[in-house]
**Student:** 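First, the structure itself, so that you have it in front of you.
Positions are given from 1 along the sequence. Quick caveat: nothing in here was measured; it's all calculated off a predicted structure.
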Amino acid sequence: YGPAHAVRLVEGGVLQRLVGADEIQVNSLHQQGLDRLAADLTAEAVAPDGLIEAVSYRAGPQRASPRFLLGVQWHPEWRFRENPASLAIFRAFGQAARDRALRRAA
């Protein structure tokens, strides 16, 4: 589960804004990859071989409420306390859950 390779974070993307870096090391263990993205997804991170390693949800004009969707091809839960990028992902997810709960309660 140790760091396997770097991924380049897409400039101006959700993941780049969350972690505050252009590149991070990931513990990639997968043997599959994304061939094509669905219309509402956008690439967030790319491996040196061009494989898309992370995606986010791109809300279209028909979407009324914001959603948090970030999919990664690595394991941010592994030793997350030692990894600033993993901590940033989990903090953003936690904040999105709290925000949604507040919207539902209002």
Side-chain angles (χ1 to χ4, degrees):
Y1 266 45
H5 62 82
V7 294
R8 180 184 48 78
L9 306 184
V10 173
E11 186 175 343
V14 172
L15 194 52
Q16 185 192 45
R17 287 192 308 269
L18 287 178
V19 303
D22 296 330
E23 184 176 287
I24 58 173
Q25 290 290 319
V26 298
N27 57 359
S28 184
L29 300 172
H30 61 86
Q31 296 179 0
Q32 71 286 337
L34 297 170
D35 181 39
R36 292 171 298 198
L37 292 181
D40 287 345
L41 296 180
T42 187
E44 289 288 335
V46 180
D49 63 3
L51 185 68
I52 296 171
E53 293 272 345
V55 297
S56 66
Y57 176 77
R58 177 180 49 213
Q62 73 281 10
R63 305 284 193 242
S65 63
R67 291 182 172 92
F68 182 90
L69 185 149
L70 183 65
V72 300
Q73 289 277 76
W74 64 86
H75 291 269
E77 76 280 4
W78 183 75
R79 299 177 76 168
F80 68 93
R81 288 182 183 93
E82 302 166 19
N83 186 313
S86 294
L87 284 172
I89 290 169
F90 288 126
R91 285 184 178 128
F93 177 69
Q95 187 60 53
R98 287 186 292 279
D99 291 347
R100 185 170 195 279
L102 289 172
R103 283 194 309 273
R104 290 180 66 128

**Student:** Are Val26 and Val72 close enough, and set up right, to give a side chain to side chain contact (heavy atoms under 4.5 Å, CB included), and what steps lead you there?
**Tutor:** CA-CA 10 Å; Val26 298; Val72 300; over 6 Å; no

**Student:** Can you give the donor-acceptor pairs under 3.5 Å from side chains of residues 5-13 to other protein atoms, not counting sequence neighbours?
**Tutor:**
unit_1	atom_1	unit_2	atom_2	d
His5	NE2	Ser28	OG	3.4

**Student:** Going by side-chain heavy atoms closer than 4.5 Å, which hydrophobic residues are tied to Phe80, directly or by a chain of links?
**Tutor:** Leu87, Phe90

**Student:** How close do Ala54 and Leu15 get, counting heavy atoms only, and between which atoms?
**Tutor:** CB-CD2, 3.9 Å

**Student:** For the atom pair CG (Leu18) and CZ (Arg91), what is the distance rounded to the nearest 0.5 Å?
**Tutor:** 11.5 Å

**Student:** Which distance, rounded to the nearest 0.5 Å, do you find between the CD1 of Ile89 and the CD1 of Ile24?
**Tutor:** 6.0 Å

**Student:** Can you name the side chain to side chain donor-acceptor pair (under 3.5 Å) partners of Glu82, sequence neighbours left out?
**Tutor:** Arg79

**Student:** Partners of Gln95 by side chain to side chain donor-acceptor pair (under 3.5 Å), sequence neighbours excluded?
**Tutor:** Arg98, Asp99

**Student:** Please enumerate all residues that pass side-chain contact (heavy atoms from CB on, under 4.5 Å) together with Leu41, with sequence neighbours excluded.
**Tutor:** Leu37, Ala38, Val55, Leu69

**Student:** With Ser56, which residues qualify under side chain to side chain donor-acceptor pair (under 3.5 Å), at least two apart?
**Tutor:** Glu44

**Student:** If you round to the nearest 0.5 Å, how far is CH2 of Trp74 from CG of Asn83?
**Tutor:** 9.5 Å

